[in-house]
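Just so you know, residue 1 is the first one in the sequence shown, and it goes up from there.
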Amino acid sequence: MSKLSILVELWQFLKIRKKWWLAPILIFLVLLGGLIILTQGSALAPFIYAIF
């Protein structure tokens, strides 16, 4: 199963079930995960982890 098909399935779920309130939560989680991954090896990592 490809990662793209998972995103398509998630989009169809949101569209069919009218769960639009989940979209901002998912976007925030993706951005937060990306921030943690991108700053993992940098000097900013201790400051990012201190937030949580």
Side-chain angles (χ1 to χ4, degrees):
M1 209 177 193
S2 72
K3 292 179 183 179
L4 186 60
S5 67
I6 293 171
L7 293 176
V8 170
E9 189 174 334
L10 179 62
W11 173 254
Q12 289 175 350
F13 170 78
L14 291 175
K15 191 169 70 171
I16 292 170
R17 304 268 189 215
K18 308 287 189 218
K19 302 286 186 184
W20 295 114
W21 57 273
L22 284 174
I25 297 169
L26 293 173
I27 291 169
F28 177 74
L29 287 175
V30 167
L31 291 175
L32 187 64
L35 178 67
I36 290 173
I37 289 171
L38 290 176
T39 60
Q40 189 173 13
S42 73
L44 293 175
F47 301 109
I48 297 297
Y49 289 117
I51 294 173
F52 304 105

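- Note on L22: it clusters hydrophobically with L29, by side-chain heavy-atom contacts below 4.5 Å among ILVMFWY residues.
- K15 is linked by a side-chain contact (heavy atoms from CB on, under 4.5 Å) to W11, W20, counting only residues two or more places apart in sequence or in another chain.
- A distance of 11.0 Å separates CG in L31 from CG in L26, rounded to the nearest 0.5 Å.
- By the ring pair (Phe, Tyr, Trp, His ring centres under 6.0 Å) test, W21 is found to be paired with no residue, residues two or more places apart in sequence or in another chain being considered.
- Hydrophobic clustering (ILVMFWY, side-chain heavy atoms < 4.5 Å, transitive): F13 and I25 are in one cluster.
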